[in-house]
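Computation of the quantities below employed the complete heavy-atom set of this structure, encompassing side-chain atoms and omitting hydrogens, waters and symmetry-equivalent molecules.
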2 protein chains.
Amino acid sequence: MVKRSTKDRILDASEVLFARDGSGGASLRAITQMAKVNLAAVHYHFGRKDLLLEAVLARRLLPLNAERIRSLEAYQQKAGRKKVRLENVIEAMVGPALRLSRDETKGGRIFMRLLGRLVLEPDARVQKLLTGQFETVLKKFEPALKAALPHLEPQDFFWRLHFLVGSMAHTMADSERIRLISGGICDPDDTEGTIQCLVTFLCGGLRAK
Amino acid sequence: MVKRSTKDRILDASEVLFARDGSGGASLRAITQMAKVNLAAVHYHFGRKDLLLEAVLARRLLPLNAERIRSLEAYQQKAGRKKVRLENVIEAMVGPALRLSRDETKGGRIFMRLLGRLVLEPDARVQKLLTGQFETVLKKFEPALKAALPHLEPQDFFWRLHFLVGSMAHTMADSERIRLISGGICDPDDTEGTIQCLVTFLCGGLRAK
DNA sequence: AGTTAGTTCAAACGTTTGTTTGAAACATAC
DNA sequence: GTATGTTTCAAACAAACGTTTGAACTAACT
């Protein structure tokens, strides 16, 4: 076990505590205490509290979106001249996200909870960051999605995209409630099963007349 | 214009500021200032800050869930001996919620944003309150839903219910992003249109093979 | 008018907050 | 080994926080 750097230890602790207590609720003292780091180290490495939050986000989101685009391009390559099946487009969109949300070595549930909370945070800085990230992905996916759903009116197209994001975000962020509500029947730790279940649901909804 | 009571003014302001800044981020000083009320009035009327939050929630959630159940029972009555159509069950579930989320005289968007934030708040007290509210509704809806979806395995049933909640919550809580992302094509202020769109999507997803 | 219960008020309590400071400790180069 | 730039540290800062207090006000009933 290599000793992690001060910077990484701060990021790890921030992720946990921002997710648990909110970006406003988590105090730098709690963070530095958990990270076993001096209080002033935060300001030395990140400047201000909100810049620390940005760093926590960027660490996970940049690789995630790169992976989504890589996955879509792999499906496109495999399809050759034909258009990619809707199931595959959706899998490329939600699969990497859900796998990340279950990968505890990369923040996993904790990071997803944080993300879910930030989506509704009206802070302009956070919103710019999130919307920017999402639009990059959307730009890449929009053509493939429209090709797979040629019968959809533009209005329905965007609404259903919106509903898709909702289901995905809720499934990523809230992985334990389903176990409780289903009385143990559903197992959120079965990542690939969950993905398949979600893809089926979403494709059904997207194709609905 | 009748002057609202101190208690109501506190609830109104709390709703706005809890939604904007989170339950931890909103200070009692900001709330009482917006409500044009003395700081100590909060403790006089509600005791503690978290009891104030509970009161804000109860004011909207109790009538909402009553309305959902009333609506489902109306459909059941109309169906007589036959089982209620899936479209109607879903409408009874998401319709009242979405209408509330667009009714600015009853908190509207603001309250929904608050609700969305609280879903991911790990505070045990808040979770108990929310899960309790949801289970009351679920108990009432479960038979009708299962009857309308007889082919579904229990596991798929609960997962899809989970996805439904995600789409619904996201649509209620985040009403402006869709306008932005769709480039103005989608209008979240068209409440009934949104409901119909969402019901179609959800039924498609729920029925998917 | 006098009494009482309900409500509002300004002021203060002790904590905790994000941020700053300047010195100490560390590593790397010459 | 001394000098240089980077990182950590304990201590302090003003500001904001939730909560408490006791007196002042209001309205209703005797």
Side-chain angles (χ1 to χ4, degrees), chain A residues 1-59 114 117-118 121-127 129, chain B residues 1-59 114 117-118 121-127 129:
Chain A
M1 167 85 183
V2 195
K3 193 198 165 199
R4 312 202 58 160
S5 70
T6 298
K7 212 166 164 176
D8 280 334
R9 291 215 307 285
I10 292 176
L11 286 174
D12 291 341
S14 302
E15 195 170 59
V16 172
L17 293 183
F18 279 150
R20 200 189 65 188
D21 302 330
S23 55
S27 76
L28 292 182
R29 282 172 173 80
I31 289 171
T32 53
Q33 197 169 340
M34 170 178 270
K36 292 193 170 66
V37 149
N38 186 270
L39 176 61
V42 171
H43 296 89
Y44 174 76
H45 285 286
F46 300 97
R48 288 189 320 269
K49 196 189 183 185
D50 50 319
L51 295 179
L52 168 62
L53 176 62
E54 278 188 31
V56 171
L57 284 182
R59 180 169 70 147
L114 170 59
R117 296 186 72 138
L118 291 181
E121 197 108 27
D123 178 278
R125 206 191 190 90
V126 175
Q127 283 315 305
L129 207 145
Chain B
M1 167 82 183
V2 196
K3 193 195 164 201
R4 312 204 56 162
S5 71
T6 299
K7 213 167 164 177
D8 281 334
R9 292 214 309 282
I10 293 175
L11 286 174
D12 291 341
S14 302
E15 193 170 61
V16 171
L17 293 183
F18 279 150
R20 200 189 66 190
D21 302 329
S23 56
S27 75
L28 292 183
R29 283 173 171 79
I31 289 171
T32 52
Q33 197 167 340
M34 169 177 271
K36 293 193 170 63
V37 149
N38 187 270
L39 176 60
V42 171
H43 296 90
Y44 175 74
H45 285 285
F46 300 97
R48 290 191 317 271
K49 195 189 183 184
D50 50 319
L51 295 180
L52 169 60
L53 176 63
E54 277 187 32
V56 170
L57 285 181
R59 181 170 67 148
L114 170 59
R117 297 186 72 139
L118 292 181
E121 198 106 29
D123 177 278
R125 204 188 192 92
V126 175
Q127 284 313 307
L129 207 145

In whole angstrom, give the distance that lies between atom [atom1] of [X] and atom [atom2] of [N].
X	N	atom1	atom2	result
K7(B)	dG6(C)	NZ	C1'	12 Å
I10(B)	dT7(C)	CD1	P	12 Å
R48(A)	dT19(C)	CZ	P	7 Å
L17(B)	dC17(D)	CG	P	11 Å
R9(A)	dT7(D)	CZ	P	14 Å
D8(B)	dT7(C)	CG	P	13 Å
K49(A)	dT19(C)	NZ	C1'	12 Å
F18(A)	dT17(C)	CZ	C1'	13 Å

* Would you say a side-chain N or O of H43(B) is under 4.0 Å from OP1 or OP2 of dT21(D)? -> no
* **Presence of salt bridge, R117(B) and D21(B), under 4.0 angstrom** =>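 No salt bridge links D21(B) with R117(B).
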Looking only at heavy atoms, what is the nearest atom pair of [X] and [Y], with distance?
X	Y	value
K49(A)	L28(A)	CG-CD2, 3.9 Å
F46(A)	L51(A)	O-CB, 3.3 Å
I10(B)	H45(B)	CD1-CD2, 4.4 Å
L39(B)	H43(B)	O-ND1, 4.1 Å

* Structure fact -> By nearest-nucleotide position on DNA chain C, the 5'-leaning member of D50(A) and H45(B) is H45(B)
* Flag yes if more than 12 heavy atoms outside E54(A) fall under 6.0 Å of its CD atom; otherwise flag no. => yes
* Strand-adjacent residues in residues 25-42 of chain B, judged by heavy atoms under 4.0 Å from DNA chain D ->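 The stretch gives A26(B), S27(B), L28(B), R29(B), L39(B), A40(B) as the residues lying under 4.0 Å from the strand, ordered by number.
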